[in-house]
Each structure stands twice: as structure tokens, then as C-alpha cells.
Amino acid sequence: PDSPNGTGWVSAQYVTATDADGVPVVPAPPLPAPTATPQVPITDWKGEYFDNPNMQGEPVVVRNDPRIDFNWGNGSPDPAVPNDQFSARWTMSRNAPRGVYEFSVWVDDGVRVWLNEELIINGWTTGPARNYNQAVEVGDGSHNIRVEYFEDTGGAMISLSITYRGEGQPEAP
């Protein structure tokens with residue numbers, strides 16, 4: 001009665017009808033279209049966070065991270081991520097001029113850094129905060145960088161810096 005034309009719709013599961021031959025049966029109204037999950041705009045590092053230490057399955061959080069520079073202490077990157085036994089993967093593609101670049105990463109637990117699908121830093125082990133450095137010569141053009149991280153227990157932190165050192169050969173370790 002409160003509808004504009006005095007009619008309404010009731011699901012059959014809520015109706016018991018007797019002598020219903022004269023009652024019109026109309027189809028149920030269409031369901032509204034589902035709301036699409038908005039995509040996260042990625043302009044910097046694409047951060048994918050997993051609720052396990054092996055980056056298995058789908059990430060529970062995907063976000064744009066301006067930097068890889070985090071100290072979560074005994075916490076986690078997001079409420080959907082546990083405080084311990086989690087992992088993350090960051091990816092980025094950037095144009096860079098020819099030259100030597102130094103990759104330096106501080107990490108508490110495991111880290112791997114890939115440049116154009118080549119593993120350049122492999123610290124995939126548990127342990128307290130420590131630093132890894134690697135100088136790499138690259139050519140002009142687009143380069144893909146991938147950083148993988150896992151947190152075991154205790155403190156959680158990772159900080160990456162990439163510094164342009166100019167043209168020339170990387171120094172021998």
C-alpha cells in the first residue's frame with residue numbers, strides 16, 4: 001500500500017496461499033549488479049602481502065608502496081597479515097640510464113632481490129637485522145625489479161635503497 005502504485009512483491013517462501021488461482025505470479029526483480037572491487041592504482045612499488053611465509057596463494061593485501069622502507073617491530077603491515085610468518089613481494093619497472101647502481105637492503109629475516117629476472121641478492125634465511133649490498137651495471141632502458149621478503153618471528157623490517165654510482169664497472173667485492 002505504501003508503494004507508488006499500491007502493489008508490492010513478496011517471495012514465495014514467505015507466503016501460504018489458498019485459492020490462489022486468481023493471484024498473479026510475477027517474476028522476482030533482477031538482483032543488482034555486484035559492485036566491482038576497485039583496482040589499487042600502482043604508481044610506485046606494487047606491494048603484495050601474504051598471510052604465509054612462502055608467498056603462496058593469492059595476496060591478502062595489494063597496495064601501492066612509495067618506498068620499501070618498513071619497520072613493523074613485532075607488528076605487521078596490515079590487519080589482514082599476521083604478526084609473524086608472513087611474506088611480501090614488491091615489483092617495479094622503471095627506465096634508467098646506463099651505469100652502475102648499488103642495491104642496499106637492511107632486513108630482519110629473509111630477502112631476495114631480482115633485477116631483470118637475475119638474482120642479485122640472496123639472503124633467504126632467518127636472522128636478526130643485517131645488510132646486503134650489490135653493485136650492478138645496467139644498460140639504458142626499462143628494468144624490472146622484484147624484492148621478496150619473509151618474516152619468521154620477532155621483529156619485522158626491510159629497507160631498500162638503490163643508488164646511481166655513474167658509468168663504469170662495479171667495484172669487485
Side-chain angles (χ1 to χ4, degrees), residues 34-173:
T35 303
T37 304
Q39 295 293 321
V40 175
I42 304 296
T43 57
D44 301 296
W45 290 98
K46 178 181 182 182
E48 299 173 285
Y49 296 84
F50 299 83
D51 59 1
N52 63 76
N54 304 311
M55 291 174 287
Q56 293 179 337
E58 292 296 316
V60 295
V61 174
V62 177
R63 67 187 191 193
N64 181 70
D65 286 328
R67 293 171 295 292
I68 301 174
D69 187 17
F70 301 103
N71 185 349
W72 297 292
N74 290 323
S76 78
D78 187 270
V81 178
N83 292 350
D84 290 317
Q85 299 290 309
F86 70 85
S87 56
R89 175 176 48 234
W90 294 274
T91 53
M92 173 188 280
S93 182
R94 287 288 188 267
N95 283 319
R98 180 183 188 283
V100 176
Y101 291 81
E102 183 177 339
F103 289 74
S104 179
V105 63
W106 280 93
V107 65
D108 181 332
D109 289 325
V111 66
R112 291 187 287 229
V113 179
W114 306 80
L115 176 62
N116 299 325
E117 300 305 317
E118 179 184 341
L119 182 63
I120 62 170
I121 294 176
N122 188 3
W124 203 249
T125 183
T126 60
R130 60 204 178 281
N131 182 240
Y132 297 95
N133 294 289
Q134 182 64 49
V136 181
E137 185 173 13
V138 302
D140 280 325
S142 181
H143 300 281
N144 298 315
I145 305 167
R146 182 174 77 230
V147 179
E148 299 175 341
Y149 168 78
F150 82 88
E151 158 57 8
D152 185 35
T153 60
M157 61 86 61
I158 183 169
S159 181
L160 172 74
S161 66
I162 304 171
T163 306
Y164 179 67
R165 295 291 182 210
E167 291 194 26
Q169 296 291 320
E171 294 179 20

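For clarity, every value in this text was computed on a predicted model and none was experimentally measured. Heavy atoms only: backbone and side chains are in, while hydrogens, waters and symmetry mates are out.
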Residues which pass ring-ring contact (aromatic ring centres under 6.0 Å, His included) with Tyr101, listed by chain and number, not counting sequence neighbours
Tyr164

side-chain contact (heavy atoms from CB on, under 4.5 Å), that's the test. Do Val147 and Leu160 meet it? Break it down for me.
CA-CA 9 Å; Val147 179; Leu160 172 74; 3.9 Å; yes

Quick one, [X] and [Y] - any side-chain contact, counting heavy atoms below 4.5 Å?
{"X": "Ile68", "Y": "Ile158", "answer": "yes"}
{"X": "Phe86", "Y": "Asn52", "answer": "no"}
{"X": "Gln85", "Y": "Asp152", "answer": "yes"}
{"X": "Ile162", "Y": "Glu102", "answer": "no"}
{"X": "His143", "Y": "Leu115", "answer": "yes"}

Please name all residues satisfying side chain to side chain contact (heavy atoms under 4.5 Å, CB included) with [X], sequence neighbours left out, ordered by chain then number.
{"X": "Asn95", "value": "Ser142"}
{"X": "Glu117", "value": "Arg146"}
{"X": "Asp65", "value": "Trp45, Tyr49, Arg63, Phe70, Trp90"}

The test is side-chain contact (heavy atoms from CB on, under 4.5 Å); show your working for Val60 and Val81 and say whether it passes.
CA-CA 7 Å; Val60 295; Val81 178; 3.8 Å; yes

Please, which pairs that meet side chain to side chain donor-acceptor pair (under 3.5 Å) have at least one residue in residues 120-130, sequence neighbours excluded?
Arg130-Tyr132

Which residue pairs pass the side chain to side chain donor-acceptor pair (under 3.5 Å) test when at least one of the two sits in residues 69-80, sequence neighbours left out?
Asp69-Ser159

Summary of salt bridge (Lys or Arg N to Asp or Glu O under 4.0 Å) pairs that have at least one residue in residues 103-114, sequence neighbours excluded:
Arg112-Glu148

Going by the salt bridge (Lys or Arg N to Asp or Glu O under 4.0 Å) test, which pairs reach into residues 79-97, not counting sequence neighbours?
Glu48-Arg89

What do the steps show when you test Asn144 against Asn116 for side chain to side chain donor-acceptor pair (under 3.5 Å), and what is the final call?
CA-CA 5 Å; Asn144 298 315; Asn116 299 325; 4.5 Å; no

Could you list the residues that satisfy side chain to side chain donor-acceptor pair (under 3.5 Å) with Asn83, not counting sequence neighbours?
none

With sequence neighbours left out, write down each residue that passes side chain to side chain donor-acceptor pair (under 3.5 Å) with Asn133, or none if nothing qualifies.
Ser104, Asn131

Stepwise, does the side-chain contact (heavy atoms from CB on, under 4.5 Å) test hold for Trp106 with Met157?
CA-CA 8 Å; Trp106 280 93; Met157 61 86 61; 3.9 Å; yes

Show the nearest heavy-atom pair for residues Gln134 and Ile121, with the distance to one decimal.
CB-CG1, 3.8 Å

Identify the two heavy atoms, one from Ala88 and one from Met55, that lie closest to each other, and give their separation to 0.1 Å.
O-SD, 3.6 Å

Under 3.5 Å, side chain of Asp140 to main-chain N/O of Arg98, donor-acceptor pair present?
yes

